[in-house]
Number of protein chains: 2
Amino acid sequence: MNPFATHFDSLEEFADHVSELLQCPITIEDANHRLIAYSGHEHYTDPARTATIIHRRVPERVINSLWREGVIPKLLQSEQPVRVAQISEIGLGNRIAISIWKNKEALGFIWAIEMDEPWTEQQFDVLKQAAKAAKNLLLQAQIRKHKKEERIQEFFWKLLTGHFSSPHDIVEQCNELNVHVYPFFAVGIFQFQQHIQTQVERQIDYLLKTTQQLAVPLYTIDHQRLIVVVAPSSNVYGEAHIERFFRSFMAQMKERFRVDIVMGAFGNVYECYTNIAKSYEEAQTVLKMKRAFPHQLADVQSYQHLGMYQFFDLLFEKKRHGDFHNAALNKLKQYDAQHHTNLVETIETYLDYDSNVNETAKALNIHPNTLAYRLKRISEIGHIDLSNMSEKVKLYVDMKLDKYRAT
Amino acid sequence: MNPFATHFDSLEEFADHVSELLQCPITIEDANHRLIAYSGHEHYTDPARTATIIHRRVPERVINSLWREGVIPKLLQSEQPVRVAQISEIGLGNRIAISIWKNKEALGFIWAIEMDEPWTEQQFDVLKQAAKAAKNLLLQAQIRKHKKEERIQEFFWKLLTGHFSSPHDIVEQCNELNVHVYPFFAVGIFQFQQHIQTQVERQIDYLLKTTQQLAVPLYTIDHQRLIVVVAPSSNVYGEAHIERFFRSFMAQMKERFRVDIVMGAFGNVYECYTNIAKSYEEAQTVLKMKRAFPHQLADVQSYQHLGMYQFFDLLFEKKRHGDFHNAALNKLKQYDAQHHTNLVETIETYLDYDSNVNETAKALNIHPNTLAYRLKRISEIGHIDLSNMSEKVKLYVDMKLDKYRAT
DNA sequence: ATAGCTTTTGTGGAAATCCACAAAAGCTCG
DNA sequence: CGAGCTTTTGTGGATTTCCACAAAAGCTAT
């Protein structure tokens with residue numbers, strides 16, 4: 001006899017029904033730990049549940065903790081209920097959880113709080129039946145969402161390609177599609193090691209939806225790239241927040257799902273949504289430069305911190321035109337070729353290490369005095385004043401542009 | 001009774017005639033100390049005269065020496081003969097010189113070597129008559145030249161504005177106009193304090209024609225600017241030679257003629273004459289940047305040494321477009337405004353002085369530790385890593401671009 | 001092979017930099 | 001006004017840089 005053979009008007013009604021059967025509070029989440037429904041009966045409720053209900057999603061530290069403890073992996077592996085012992089640091093009481101499945105995809109979870117008495121076998125059976133019954137209810141909500149997703153995708157690509165010129169149009173479309181408009185945003189890109197498979201898509205969706213470091217109102221997947229709009233809560237430290245989010249996103253993709261992300265990059269933070277295309281361009285520039293200068297830009301993610309590489313595309317265009325030939329650099333190259341020396345490498349490393357003699361010498365495996373001697377020769381041969389910032393900049397840029405050409 | 005009442009077929013014949021009357025070697029030069037004619041009789045000839053005849057012009061060190069001794073100023077002031085005592089360092093024997101005049105313009109000079117006996121009054125009279133007689137002969141040569149000059153001017157402007165696309169056409173035209181084609185050249189510009197008057201034009205012509213530091217195959221005058229094509233003898237040190245020439249030209253215009261030249265600038269050295277327009281552009285860029293950054297570029301003349309300012313026009317264009325907004329710089333500016341501090345000035349000066357703490361502190365009139373403290377604050381407030389060359393470059397460039405906009 | 005060059009490495013001392021710590025002065029805001 | 005902050009200046013010591021000089025090693029061309 002199935003206690004769920006009746007029709008439920010809403011998920012709330014369903015949650016209340018389960019709660020009544022099991023005599024404990026019930027919470028239902030989707031696969032991304034968003035609150036779907038919860039029972040309203042007066043029972044004891046642990047702080048984690050309270051927070052979940054208030055914010056309409058499971059707090060991130062709770063999710064992280066559950067991953068660390070291996071709870072969520074276990075839920076994603078089997079359809080069996082999992083008992084979770086109290087974790088007081090995050091305000092989680094004793095819980096029982098079970099995943100809701102459709103074919104091989106986990107659609108969500110049902111959480112129960114284990115009250116004073118340990119559960120009986122019968123209670124576990126009820127929970128398993130509840131999970132099965134929840135499937136159809138959840139599915140309906142999903143379908144409604146899927147259709148909308150497609151329209152959002154199209155809208156997002158229009159934004160990225162600069163299709164809209166009026167901020168008003170954008171906001172209107174956002175409202176229509178139920179996309180929240182945030183006061184500040186930036187566009188970011190993650191470059192994956194491989195073409196992104198459906199399974200990875202789900203994992204991405206999961207991480208983006210569960211993060212609470214910042215909002216991700218829009219995202220899309222394109223071959224090996226994940227493109228996101230990120231909205232930091234404040235403008236002052238917005239960049240730092242995005243930076244942190246990017247690092248943790250890449251770390252989590254690797255740790256939890258063993259998916260390698262080669263690099264991440266994001267453009268400037270803007271206020272006006274017409275700048276999405278610009279921020280996207282900037283993010284692309286960062287990726288391009290990181291590819292050309294993997295060493296120097298190893299831990300640069302933002303366009304802001306691209307430094308001088310920001311204007312490399314522009315300069316390169318000009319250089320290809322035959323402008324900017326650098327007599328000093330040419331002379332050094334020529335000298336190197338004729339005398340089998342390393343003057344160009346020396347000066348480049350020296351500038352890479354911000355004119356720091358010791359570090360440069362260490363990096364080049366030479367005596368500091370050797371470096372000093374070479375620098376003297378460099379300034380003689382190239383007629384360069386190495387204590388003139390402007391000349392140093394020109395030389396440095398020209399050398400890096402040379403490298404850029406080689407890519 | 002005038003001993004010059006006969007007709008002379010050539011200036012040579014005239015020189016020989018004077019030489020015979022005075023019993024000494026005679027040399028006739030134009031106003032720019034180019035050799036016009038000389039007597040061929042067998043007399044003693046001092047080394048300075050020999051060199052003049054061989055090179056078809058008076059050696060530059062001789063000219064310089066005569067200026068220094070006040071000889072040439074005296075010749076340009078009066079129509080009287082001037083006695084010049086021997087100057088053995090430059091191989092000049094005892095000489096008598098007189099200028100040749102037409103209206104108020106000196107067309108050239110007659111030089112005689114004073115032999116063993118001091119000259120009699122009668123000999124001086126003969127020389128004076130010779131100077132008068134030389135006038136018409138010289139004038140004829142001048143007129144022929146003037147007409148050609150006009151055609152050359154037109155040709156030169158075509159070159160500067162990039163009118164020719166084929167090097168072959170240029171060389172052909174040069175040959176036709178009797179303009180020597182040199183293997184290397186650059187275009188230079190001198191910016192004068194004032195509109196260039198006819199008298200100054202003559203002085204410019206004089207200096208350009210007499211210099212032997214390098215060749216000046218073409219030049220023209222445009223309002224307050226003198227535009228020249230300079231051809232250094234070698235390519236290796238070409239730049240250095242041009243540099244030296246520019247400094248000495250400006251010094252001499254000032255010393256000899258009291259004419260102020262505000263600044264000089266020249267473009268890259270090229271081989272192909274189709275690049276005249278490019279070198280001209282580059283020289284113009286140097287002038288423009290020197291005007292915008294008079295302090296930093298005070299002793300820069302060449303495009304080569306413009307350093308990073310080479311690409312300022314390009315970057316500025318982009319910046320005006322709204323790109324390249326620098327969050328770090330903005331934060332510093334904002335902090336300065338709110339707290340009445342000088343962080344921006346500090347970092348700019350620091351970078352101007354190539355990150356040299358002592359010099360910067362001196363320039364800012366602060367204690368070195370104060371500077372250190374400010375730098376720490378700057379990196380905190382602007383989230384900048386001041387030991388990262390690329391970030392420093394970006395910040396520096398952005399600050400200078402700000403200044404550039406102000407001009 | 002050897003003379004004459006460049007290049008590398010070493011030594012030592014003066015000067016500059018970096019850093020931690022602290023006193024004093026200046027500014028802001030309740 | 002005065003507490004609490006930022007900013008400036010000072011002191012002292014470890015470290016680094018800068019320079020001059022010299023020895024040694026490497027290269028090149030006669």
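To find a chain, count down the sequence lines: A is the first, B the second, and so on, and within it residues start at 1.
- At the phosphate of dT7(C), neither OP1 nor OP2 sits under 4.0 Å from any side-chain N or O atom of Arg374(A).
- Remark: Thr370(B) is not in phosphate contact with dT7(D), judged by side-chain N or O atoms under 4.0 Å from OP1 or OP2.
- Taking atom CG of residue Leu364(B) and atom P of nucleotide dT7(D), one finds them 15 Å apart after rounding to whole Å.
- The shortest distance between the side-chain N/O atoms of Tyr373(B) and the OP1/OP2 oxygens of dT8(D) is not below 4.0 Å.
- More than 12 heavy atoms of other shown residues, nucleotides or ligands fall within 6.0 angstrom of atom CZ in Arg291(A).
- Whole-Å rounding puts the Glu380(B) CD to dT7(D) P distance at 10 Å.
- Distances shorter than 4.0 Å separate some side-chain N or O of Arg377(B) from OP1 or OP2 on dT7(D).
- Side-chain contact check for Gln296(B) and Ser390(A): no donor-acceptor pair (N or O, by modelled atom type) lies under 3.5 Å.
- Between the CG atom of Asn342(B) and the P atom of dT6(D) there is a distance of 18 Å, given to the nearest Å.
- Across the protein-nucleic acid pair, Ile381(B) atom CD1 and dC5(D) atom C1' stand 13 Å apart, rounded to whole Å.
- For Arg247(B), the CZ atom counts as densely surrounded, since its 6.0 Å shell holds more than 12 non-hydrogen atoms of other residues, nucleotides or ligands.
- Remark: the backbone N or O of Ala327(A) is paired with a side-chain donor or acceptor of Gln304(B) at under 3.5 angstrom.
- Look at CG on Leu371(A): it is 17 Å from C1' on dT6(C), rounded to the nearest Å.
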request  = Take Phe249(B) and Thr211(B), measure what side-chain contact (heavy atoms from CB on, under 4.5 Å) needs, and give me the verdict at the end.
outcome  = CA-CA 9 Å; Phe249(B) 181 82; Thr211(B) 188; over 6 Å; no
ask   = In the 5'-to-3' direction, what one-character label does each nucleotide of nucleotides 19-30 of chain D receive under the scheme B = base within less than 4.0 Å of a protein heavy atom, S = sugar-phosphate only, - = no such atom?
value = BB----------
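- For Ile366(A) and dT7(C), the CD1 to P distance is 13 Å, given to the nearest whole Å.
- Distance CD1 (Ile378(B)) to P (dT6(D)): 16 Å, rounded to an integer number of Å.
- A salt bridge is defined here as a Lys NZ or Arg NE, NH1 or NH2 lying under 4.0 Å from an Asp or Glu carboxylate O, and Glu282(A) with Lys278(A) fails to meet this definition.
- One side chain, Tyr335(A) or Arg377(A), offers a donor N or O that lies under 3.5 Å from an acceptor on the other.
- Residues from residues 349-363 of chain B lying near DNA chain C, meaning a heavy-atom separation below 4.0 Å, are Asn356(B), Val357(B), Asn358(B) in numerical order.
- Taking each heavy atom of Ser302(A) and Val286(A) in turn, the nearest pair found is C-CG2, 4.0 Å.
- The list of salt bridge (Lys or Arg N to Asp or Glu O under 4.0 Å) pairs with a residue in residues 301-316 of chain B, not counting sequence neighbours, reads Lys288(B)-Asp313(B).
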